[in-house]
Structures are given as C-alpha cells and as structure tokens.
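Naming convention: chains lettered A, B, ... in sequence-line order (proteins, then strands); numbering from 1 in each chain. Keep in mind the model is a prediction, meaning the values are calculated, not measured.
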Amino acid sequence: MQPGVVGPCLYSINGMLCPPIFSVGAAPSVAALLESGLTTMTAKQTPPQEATKLRAEINDHNYRYYVLDAPVISDAQFDKLFRKLQELEAQHPELITPDSPTQRIGAKPLAGFEEIKHTVPMLSLANAFDEDELADFDRRVHDRLKRDIEAPITYSCEPKLDGLAVSLRYEAGKLVSAATRGDGYAGEDITQNIRTIKSIPLHLRDKFPPVLEVRGEVFISKKGFAELNARAEKTGEKVFVNPRNAAAGSLRQLDPQITASRPLTMFCYGVGVVEGAEFKSHSESLQALKRWGLRVNTAAAVVKGLKQCATYYQKMASQRAGLDYDIDGVVFKVDDLALQKTLGTVSRAPRWAVAYKFPAEEENTQIEAVDFQVGRTGALTPVARLKPVFVGGATVSNATLHNMDEIARKDVRVGDTVVVRRAGDVIPMVVSVIKEKRPKQTQEITLPSECPICGSEVMHVPGEAVARCMGGLTCSAQRKESIKHFAARRAMDIEGLGDKLVEQLVDHDLIHDAADLYTLKADQLAGLERMAEKSADNVIAALEKSKTTTLPRFIYALGIREVGETIARTLAHAFGRLDKLMAADEEALLAVNDVGPIVAEYVLHFFQQASNRKVIERLQHAGVHWPAIEVKAAEDLPLAGKTVVLTGTFTHFSREDAKAHLLALGAKVSGSVSKKTDFVIAGESAGSKLTKAQNLGVTVVDEATLQKWVAAL
DNA sequence: TTGCCTCGAGATCA
DNA sequence: CTCGAGGCAA
C-alpha cells in the first residue's frame, strides 16, 4: 500500500460517499463548477495542478454540503471526484498533502490519549428548569449590568445538543489539535479521531485567523444512529443504547479507523481563543465560524428580551421531535461580547449564559423492593429496586431514596408505581408515587432497627436525616467500604484492588481492616474468584508500591468523616506530620483554614479511638510511609505581611476561594486600594480598583500569578 | 448512575 | 470468550 493511503474506500460509509471539508485559496463558484461539468479535466493539466484543483473542489462541495447545507452535486458525483483524487494520489504519492481530504485517517492506533490543556477553560453552563428560573437569569443580567429591567437584552439562542463538548485548535488555518472537555481545564487529545469527522474542516477557508480555538458539540444524528445500529445488528455486533454514548465511545477509540466508520458530526457554538479577528457579538462570531468553514447550527437565532427567549424555547420544544439530533434544552447567551465581559464568570460557569433545559423524560415503573445500604460511616441509605425501565437514554433499575424523611414526604411504598426520571439527566430519581395505581397490599418502608448486615443497633438521632449502624468496624459492610475507600485511586491508589476483591477478602476473613492488606501473601489471594497466580502477584506488587505515599493521601485514605481530599490536604499542610495532627487539640484544629467545629470534632474523635490509632500504627509498621511536609511559620509564608486587594472576577477561583488562598499564603486581604497595598490581583473585567492601583503605582498581578503562588504553597 | 472503551488475565473449549 | 478493574463523560 502506498504510504499515507489508508485502507480501501474510507468514505463509503453507509454506502454513500460523504465529503470532508477544507479549502485552499479561492473556491470555484457554483457556476464555474457546473460549467466544468464537475468532472474537471477540461484542458490539459499537470498532475499537481489537477490534485490541487480536485482538492479545492472536494473541499468546496464539502462546505456546501455540511456548512451551507446546500449541495450542488449528487453524492455519486462527489464520489467520483473523490475517487479521482484517490487514484491520482495513488499514482503520484508525492502529491499527497496531510490536509488532503483523502488523508483523514492517516494515523495508526494510539497507545493511549495524551493530555491537552485548554488555553481558555471549557466551563459548564448554569441551568434553568422553568420560566421563573429563566426570568431570574434575565433579572440577574439586568442587575449586574445596571440596566432597567424593561430594556430588553439581546440574546443569542441555540439548541443545546446532547453530545460531547470538544475544543478544536487551528493554527494558520490547519487543524492542529482537538481535545475533549475533560475537567474543563485539560482534556484528552483526540485529534486523530476528530480528523475523521467529515463535517470538520482540516483547513479553514476564507480569511481565517492565524489562531483559532473553537468549541462545539460532537454528536451522532438520529438517522446516523439508527443506521449504525442497523448495521451492527446485521453483523451481530452489539448495538448502542443511545446516540450520546455511541458518540462518546466513538471518540474514545484508540484506532481512528473505527472512529471513521461512525457517523459523527459536529456543530460549533463558540470561540475559545481567536487571534487576529475581533467580534462585537456572539452571533457575529458564529457567522465568522461559518465563513471559515465550520458547521454552525442553523437553528441558532438572535432575539430581544426574555419574552422572545421563552418563545424561542417553545419553538424548539415543538420542533424537538422532528430534529435529526437529540437536544436537551436551549442555550441563551448575552449576545454583546462587551456585556459578556462586564458580566464575567463565577467559579465554573459564565454569568452571561444559561441553559434552559427541557423537562427530563419521565417513565413509570414499579418499586420491587427497598434495600438499605450501609456506607463507610454506617449511614443507612434506602435504595429502591425498580422494575428496569428505559428512561433518559439508559435503563434504570436502582434509585436512591436518600433517607426516611424523603420516603415519608413522597409516601413511597414497596409495590407502588412511581414516576422515575434522571435528574440532570444523570442520577435516577423517584419523582412521585402514582397513588391511583397503589395496590391494596402495599408494604410500608420502615427503618430497620438492626443493621441488615451486622445486626448491630441502628440509631436515628431525631432531627438528623440519616440513620446509622452503630456497629462501627464490627460491621462488615462498614469495614468493606472503608477498605475500598482506603484502596481507591485518590487515596492509597492500590491498583487491582477493586470492590469485588475487597468484598471477597473480607468475606473470607482474610482482612479486617486496611492494615491487614499489607499482611496478605500471594498464596492467600490466589484461588479467590478471578484471582490466579498472576493477578495475585500484581496485587501484592501494587500493595508494595502503595506503601510509598504522601501525607494528604494517607489522611484522606483514613476515611475520617467530613475529611475529603481538600481538607486532608489542608490538614497535611497545616501540621506537616501525622503525629502532630493526631496530637492536635480542638483549638489547633480550629485554627486551620476551612476547618470548622464539625470537622474538628470528627478529627478529634477519630484519633481518640484506640482502634484507629492501632491501625495507623500497624500501617506504619508495615512500611507505609510518606515524606514530612514542611510547615511554614507564619512569617515564612510567601506573602507574609503583604496587603493584597482583589478586583474583577476570576476563572479558577471564586472570590472567597481566592481570599482563602491568599490568607493561607500569609497575606492580608483588604477591600480597598491604598498606598499601603502591596499587590492588586486583577481578574476579568476589573474596574475602578485596578485604575486606582495603576494611579498609585501599586503592583498589579493577574490570575495566573495567583495560581502560581497557590500551586507553590 | 449508567454506558462505553481498553486492558489484562482467567475460564472455556477445541 | 468473558469478567473485573480503571478511566471518562453526562
């Protein structure tokens, strides 16, 4: 096979040749294309000229097909052009360019995905679930902008696609990288897979900017999904349950060849970074994206004021079923970019946008049983076992009922027919009971007086929502859960020690607590389910490896109530050594940032327990160790004695977080700028305080600097 | 919470 | 071939 020429026909998906997009130089006009008879080869051309011309034509047809939604040739004609280019390139491999439309699947399967940091974070959106909440949003926008509520704001509206958010980066017009959203700050490098999506141009057209990071949603159309599953069914492969998961799975393929066979497509909805271009409004930026060859949802619109937003929502709601893609709501963005800037961003979502969600899909089903699960802290959680029902794109068979109050409020009984939905389209929830359908014989749900696992007493403190098993570590459920927590990735990170294995180990009485893990021998493990020699050795090796850890991880792994990762880290840094933390009294604990009386009480109580101290001692004795953390005395803190003023809004911190971090760094945080101010930290859309700082000659630093300080701590 | 992909390795059958 | 574990996304 020729280098760079991949496979047989890559584009014959669904028996139809679908076009890719991009453009070099000026694209021929429709008239010119039609005149040329669409078969090129009019006059004599050199092969390089012909290749260039073919590519331009193909890319242009792609653009017309995907972006303008107005193809001027048939699929068969496109097919012909495409094959012609393939043949030409096969005869003259030296003519192949990386961004030739034939080169979408160039690469070999990846070993794994690399990380890509987003230049501008990919935030999530605030949600509104009814018209009141939408009105609240509009009011907040007016308030923040100090606008009269009667003066309508111009909003850009678009359907909210149910797919996966991705970010594409173009440099000098070329697609150079693509990433998933990830945690919003960094995602996975899925460039290879994105390149196979024919509606995404490998090269921008028109007067594209030198650098562009564009955000959008990758998805599979309803039609594409149906065809994909029909094919899968025919070939006996497994079918996907919904388009969203099919799209997500397709992008996570290591082999781009497989991704190419999935009918993925994309709508772009925003600009992350752009250099060399300026826009006044969001809608203008969408127009530009379209000009540059990127596909933008044609249902996008610009409206004035709340009322028209509501109308747009109604319109989309009524069109929803007829659309060829799944949407779960409508997004409204303040159109004017200057206003967006003024509004700024709160911790994880911009203040200038809102997602008005359609009501979640609901289904009826029956409650077959209610079990009580015992958690790590002994908390008894009632879980409804449901007759499996397909709702919101997944089969739901369990739903937490949270606690007894919740059960009483909804008056849920075993045997009841209930309405189920996936809250936020994720977590299953029992919405209500259909009383009319209640059978004569229903069973009321009562809190067991004894722990269903260990038989210990169950205590329900009046006023508290949760009931707890008082068995402590004599309860095998609590032991299992705390050992699982100990081994978890974010805790001791013991690879291969999953839930199933922990359960077997506890059930076989091989371990009773976390410290027992380190006494395990390979031959004890071997013989358990799915545990032969090799696996057993791996687990032993993983245990050995986990002995070298860090203090924050270890504190977190202990599973002290209310001590999550963040507080564990704070405590580790505040005390530096475990023995210091164990010896700390209430006063010392309360002196730590973010530690209040409740957390202090739990920490004290935990270390008072002889059993806990014993486990810690045995863990250390087994060789679990970590480097001490240097605790900086107040005067040694990097910002000791400095007065700092915050202004503007920050992307990575809320105001409170930023302040807390600065205090931890030893700084004094003041509200107003004076000559005594050492630094002003200016975020987005900083106002008068920034001006004043500049006038007084006070040092101004940006958010990135603050992040650096925090990271260094 | 569910669904998807990937990997390693155990289980099963020829 | 099947399962458990791990990782990711919504």
Side-chain angles (χ1 to χ4, degrees), chain A residues 109-116 122 124-125 127 160-166 179-184 186-190 193 217-220 225 228-229 232 236-256 258-259 262 264 326-329 355 357 360-361 373 381 383-386 388-402 420-430 484 487-491 493-505 525-539 541-542:
Chain A
L110 260 37
F113 297 111
E114 304 281 312
E115 187 191 272
I116 288 189
M122 292 180 81
S124 42
L125 289 177
N127 289 322
K160 188 175 191 303
L161 272 282
D162 196 10
L164 291 86
V166 298
T180 60
R181 201 187 87 91
D183 62 2
E188 286 178 312
D189 184 344
I190 50 163
N193 288 338
E217 198 86 353
V218 169
F219 63 98
I220 291 180
F225 178 73
L228 179 66
N229 268 354
E237 289 168 78
K238 67 163 185 295
V239 294
F240 294 98
V241 297
N242 63 50
R244 207 204 69 77
N245 281 336
S250 301
L251 282 186
R252 293 195 49 71
Q253 293 287 342
L254 292 177
D255 182 357
I258 301 175
T259 310
R262 306 278 169 83
L264 294 165
D326 285 326
I327 61 175
D328 57 1
K357 297 287 206 79
E361 194 191 317
Q373 259 173 14
T381 310
V383 179
R385 306 295 173 194
L386 305 165
V389 60
F390 192 76
V391 54
T395 304
V396 169
S397 41
N398 302 301
T400 170
L401 294 168
H402 299 107
V420 174
R421 105 165 49 124
R422 297 216 296 155
D425 282 331
V426 179
I427 292 144
M429 174 169 115
V430 171
K484 286 178 196 171
R489 187 167 65 91
R490 315 196 74 106
D493 194 16
I494 305 170
E495 233 175 285
L497 192 68
D499 291 3
K500 281 273 155 74
L501 184 54
V502 171
E503 274 166 34
Q504 287 189 70
L505 289 169
L525 289 167
L528 295 174
E529 267 171 65
R530 301 208 62 82
M531 254 307 129
E533 211 178 316
K534 178 77 184 160
S535 305
D537 287 345
N538 288 348
V539 172

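A:Ser397 comes within 4.0 angstrom of sugar-phosphate atoms only, judged by non-hydrogen atoms across all strands, and of no base. Heavy atoms of A:Thr395 sit under 4.0 angstrom from primed sugar atoms or phosphate atoms, though from no base atom.
Comparing A:Lys238 and A:Pro428 against DNA chain B, the residue whose closest nucleotide sits nearer the 5' end is A:Pro428. Between A:Ile258 and A:Thr400, the residue whose closest nucleotide on DNA chain B is further toward the 5' end is A:Thr400.
Using modelled atom types, no side-chain atom of A:Arg421 and backbone atom of A:Ala360 make a donor-acceptor pair closer than 3.5 Å. Proximity of a side-chain donor or acceptor of A:Thr180 to a complementary backbone N or O of A:Glu188 within less than 3.5 Å is detected. Listed for the A:Asn245 side chain is no donor-acceptor partner under 3.5 Å among the backbone atoms of A:Ala248. Looking only at distances, a side-chain donor or acceptor of A:Asn193 sits under 3.5 Å from a matching main-chain atom of A:Gln253. Under a 3.5 Å cut-off, the side chain of A:Thr259 and the backbone N or O of A:Ser250 do form a donor-acceptor pair. Here the side chain of A:Asn229 pairs a donor or acceptor atom with the backbone of A:Phe240 at under 3.5 angstrom.
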* To do: Spell out protein contact along nucleotides 7-14 of chain B as letters: B when the base is contacted, S when just the sugar-phosphate is, - when no protein heavy atom is under 4.0 Å; keep the 5' to 3' order.
  => S-BB----
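Rounded to an integer number of Å, the gap from A:Leu501 CG to C:dC3 P is 18 Å.
Of the listed nucleotides (B:dT2, C:dG4, B:dC4), C:dG4 has the atom at the smallest distance from the side chain of A:Lys500.
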* **A:Asp326 vs A:Asn242, side chain to side chain contact (heavy atoms under 4.5 Å, CB included): CA-CA, chis, key distance, verdict** => CA-CA 10 Å; A:Asp326 285 326; A:Asn242 63 50; 5.9 Å; no
Are any protein N/O atoms closer than 3.5 Å to N/O atoms in nucleotides 8-10 of chain C? If there are, list each pair with its distance.
residue	atom	partner	partner atom	Å
C:dA9	OP1	A:Thr180	OG1	2.8
C:dA9	OP1	A:Gly182	N	3.4
C:dA10	OP1	A:Ala165	N	3.1
C:dA10	O4'	A:Arg244	NH1	3.3

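The pair A:Glu217-A:Lys160 does not meet the salt-bridge criterion, since no charged nitrogen lies less than 4.0 angstrom from a carboxylate oxygen.
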